[in-house]
Amino acid sequence: MSQQQEFEGCPSCGNTNLRRLDGNSWFCLDCDWDNLSVIPKGNDELLTSLRHGDVHSRRIAAQALINIGDADRHLATMMDSNPLLEALDDEDADVRYFVAVALGKLEASLSLGKLKQLARDDASALVREGAKTAVEQIESRQLS
């Protein structure tokens, strides 16, 4: 049986704002560090997990999308917006948060209405904050 890994602070930024996704899967809400391996098969498998996986698979898939823009992990494009928009309705707050941040990084203007609704009304403070940041990213890009 493998031992679960514990972190007192983020190995990258040192902050304590870490979230355990499941088991030994960790993510830093401050700097986007994670200890997940790169998903080698691209976004088809990732989007399938996001749509049809169990809660752990959906969290991992959504968290992987947050790495959009990272040269080694660029996993989603604007063509993947529909599955991401659907995932904003996921029952799991972590999934909704990660997808909101990913849509902000993609600057997916089609998601603005839903993101504004989440920023205003979601039950999770984390999701509201992620959606607010995504809205700001998208709107600032539209102004430039």
Side-chain angles (χ1 to χ4, degrees), residues 5-144:
Q5 194 170 16
E6 297 293 329
F7 293 95
E8 290 186 25
C10 173
S12 180
C13 71
N15 292 339
T16 58
N17 201 9
L18 292 172
R19 166 98 78 213
R20 181 191 301 265
L21 298 176
D22 210 5
N24 281 326
S25 304
W26 289 85
F27 177 77
C28 178
L29 295 168
D30 293 329
C31 73
D32 294 347
W33 168 87
D34 65 58
N35 67 343
L36 304 175
S37 59
V38 173
I39 298 174
K41 296 186 180 177
N43 54 350
D44 287 342
E45 228 175 83
L46 186 69
L47 294 174
T48 298
S49 292
L50 185 63
R51 285 180 152 168
H52 307 293
D54 61 17
V55 69
H56 175 68
S57 298
R58 293 193 322 272
R59 283 179 182 171
I60 298 301
Q63 192 283 328
L65 292 169
I66 217 168
N67 293 302
I68 290 169
D70 180 326
D72 294 330
R73 299 188 193 186
H74 190 97
L75 295 170
T77 67
M78 287 301 291
M79 294 182 68
D80 301 319
S81 294
N82 284 339
L84 298 179
L85 284 169
E86 291 170 15
L88 287 176
D89 292 323
D90 197 278
E91 64 189 43
D92 186 73
D94 287 337
V95 171
R96 294 191 310 276
Y97 167 77
F98 293 133
V99 170
V101 172
L103 285 165
K105 289 184 176 189
L106 275 176
E107 298 170 358
S109 58
L110 292 175
S111 64
L112 262 176
K114 182 66 176 178
L115 288 168
K116 286 180 179 181
Q117 176 194 351
L118 289 176
R120 212 180 32 248
D121 301 331
D122 198 272
S124 166
L126 181 65
V127 174
R128 290 192 306 272
E129 189 61 36
K132 179 182 171 191
T133 300
V135 167
E136 291 169 358
Q137 287 176 312
I138 294 167
E139 288 181 340
S140 71
R141 181 68 175 161
Q142 288 178 338
L143 294 175
S144 53

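Predicted, not measured: the structure shown is a model, and the values here were computed from it. When a residue number appears, it is its place in the shown sequence, counting from 1. When reading the values below, keep in mind they use all heavy atoms of this one structure, side chains included, and skip hydrogens, waters and symmetry mates.
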message: Taking the side chain as everything from C-beta on, heavy atoms only, tell me whether L88 gets closer than 4.5 Å to L103.
response: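 The answer is yes, as the side chains (C-beta and beyond) meet within the 4.5 Å cut-off.
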- prompt: Should S111 and I138 be marked as a side-chain contact (heavy atoms from CB on, under 4.5 Å) after you check the CA-CA gap, both sets of side-chain angles, and the distance that decides it?
  reply: CA-CA 9 Å; S111 64; I138 294 167; 3.8 Å; yes
Tell me the closest heavy-atom pair linking [X] and [Y], and the distance in Å.
X	Y	answer
V99	A87	CG2-CB, 3.7 Å
A100	L115	CB-CD2, 3.7 Å
V101	Q137	O-OE1, 4.2 Å

Run the side chain to side chain donor-acceptor pair (under 3.5 Å) test against [X] and tell me which residues pass, sequence neighbours left out.
X	value
R51	E86
D54	S57
R58	D90

message: Quick check for you: to the nearest 0.5 Å, what is the distance between L50 atom CG and I60 atom CD1?
response: 12.0 Å
- request: Apply side-chain contact (heavy atoms from CB on, under 4.5 Å) to S124 and list each qualifying residue two or more places apart in sequence or on a separate chain.
  value: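 Partners of S124 by the side-chain contact (heavy atoms from CB on, under 4.5 Å) criterion, ordered by chain and then number, come out as A93, R96, D122, L126, V127.
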message: I'd like to know whether R128 forms a side-chain contact (heavy atoms from CB on, under 4.5 Å) with L118, so could you lay out the CA-CA distance, the side-chain angles of the two residues, the decisive distance to 0.1 Å, and finally the verdict.
response: CA-CA 6 Å; R128 290 192 306 272; L118 289 176; over 6 Å; no
Return a table of donor-acceptor pairs under 3.5 angstrom between the side chains of residues 129-136 and protein atoms on other chains or two or more places apart.
| residue | atom | partner | partner atom | Å |
| --- | --- | --- | --- | --- |
| T133 | OG1 | E129 | O | 3.1 |

- request: Please step through side-chain contact (heavy atoms from CB on, under 4.5 Å) for the pair D89 and K114, ending with a clear verdict.
  value: CA-CA 9 Å; D89 292 323; K114 182 66 176 178; 2.5 Å; yes
